[in-house]
Protein chains: 2
Amino acid sequence: MSSTDRAAGPRTITEVATIAGLSAHTLRYYERIGLLDPVPRVHGGQRRYGAGDLAWLAFVQRLRATGMPIRDMRRFAELRREGDHTIGERRELLERHRTEVLARIAELERDLTAVTGKITTYRNLETAHDPRQPDA
Amino acid sequence: MSSTDRAAGPRTITEVATIAGLSAHTLRYYERIGLLDPVPRVHGGQRRYGAGDLAWLAFVQRLRATGMPIRDMRRFAELRREGDHTIGERRELLERHRTEVLARIAELERDLTAVTGKITTYRNLETAHDPRQPDA
DNA sequence: GTACGGGTTCGAGCACGCTCAAACGCAAGG
DNA sequence: CCTTGCGTTTGAGCGTGCTCGAACCCGTAC
């Protein structure tokens, strides 16, 4: 093994985009806004993403998927860069986010009952007006 | 009691905004884009929202809260205007939405485990580096 | 050399869902 | 009559999170 891992060496932006399900545009955008650390370049300026970059990106995607605003993810990334002494603050940020997501889930479940109720109402109306199966 | 109900007569836009937790701006916007039917006006052009408008608005808010795009809500409103023969289509629209919301909830729960896991990791790091309660 | 494939930067543009400013109307009170 | 308060319309602007186009660079194959 050389200076880089063999089995999972540095990836090009297109590879990472494919793996992550994002566009190369979005990856550059994430880096630009400080969500991703500056990615190492090879001679010529092309990015090569390491395993750490991929792991961080995957976590970032979880945060996005759970609705964390980019502002907060940037803050989180910034804390990461500052080192271990920010771990407490990072945990608190995640805990606040977790609380919000749980609240969001509860809200969705609550409001969904109204939708489900309406569906039921419509089903009843349909069988009433369109009695395909009248009292046997 | 005049020509209007006493207990729950027509409401001004400000009243409805307060009740619904929306701004008057947003109510006019919803009407403009066809989410709300044209609201009846008094002499002078001011809107007066009836009980039916309020009920519909409340349902619209449920749809919004569960993440239905405005495009789809407009479609739903349009079907409503077309009359009873669109009930089947309306139900299908709601059922599709319901499926999506359930998927969204599942996704949130799944991705939240990554967040929870990270919180746990951080907690362990903290107690390791900052042993406020070493082995008693 | 030149063409090609893949990458780069920079800045503009877009979709969504509001949000607001400006200019105006109307009715009631003093 | 004039002010005050509440409302109206029209159209512009905004915050978020991408998304894309244009111009350019680099290394390899022919």
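Letters go in sequence order (proteins before strands), and every chain restarts at 1.
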Partners meeting salt bridge (charged side-chain N to carboxylate O under 4.0 Å, His left out) with A:R104 (sequence neighbours left out): A:E107

Helix axis bend for the helix from C:dG1-D:dC30 to C:dG30-D:dC1 - C1'-based end axes, five pairs, 10° rounding: 30°

Results of salt bridge (charged side-chain N to carboxylate O under 4.0 Å, His left out) for B:E82 - residues two or more places apart only: none

Parallel, tilted or perpendicular: ring planes of A:F76 versus A:W56, cut at 30 and 60 degrees: parallel

A:T127 side chain vs A:R123 backbone, donor-acceptor pair below 3.5 Å: yes

B:H43 NE2 - C:dC26 P separation (whole Å): 7 Å

Close side-chain approach of A:L35 to A:V60, heavy-atom, < 4.5 Å: yes

Listing, residues 65-72 of chain A side-chain donor-acceptor contacts under 3.5 Å, not counting sequence neighbours, or none:
from  : atom 1 : to    : atom 2 : distance (Å)
A:T66 : OG1    : A:R62 : O      : 2.8
A:T66 : OG1    : A:L63 : O      : 2.9
A:T66 : OG1    : A:H97 : NE2    : 2.8

Side chain to side chain contact (heavy atoms under 4.5 Å, CB included) partners of A:T26, counting only residues at least two apart: A:L22, A:S23, A:Y30

B/S/- contact track for nucleotides 3-17 of chain C, protein heavy atom under 4.0 Å: ----SBB-B----SB

Show the atom names and distances, to 0.1 Å, of all donor-acceptor pairs under 3.5 Å that link a side chain in residues 12-20 of chain A to residues at least two apart or in another chain.
from  : atom 1 : to    : atom 2 : distance (Å)
A:T12 : OG1    : A:E15 : N      : 3.3
A:E15 : OE1    : A:T12 : N      : 2.9
A:T18 : OG1    : A:T14 : O      : 2.9

Electrostatic pair A:E78:A:R75 at N-O distance under 4.0 angstrom: yes

Partners meeting side chain to side chain donor-acceptor pair (under 3.5 Å) with A:D37 (sequence neighbours left out): A:R81

Pairs flagged by salt bridge (charged side-chain N to carboxylate O under 4.0 Å, His left out) wherever residues 43-61 of chain A is involved - sequence neighbours left out: A:E31-A:R47

Contact residues, residues 96-111 of chain B to DNA chain D [heavy atom, < 4.0 Å]: none

For chain B, the stretch of DNA chain D it reaches, first to last nucleotide, under 4.0 Å of its heavy atoms: D:dC6 to D:dG11

Under the side chain to side chain contact (heavy atoms under 4.5 Å, CB included) test, residues paired with B:E92 that sit two or more places apart: B:R96

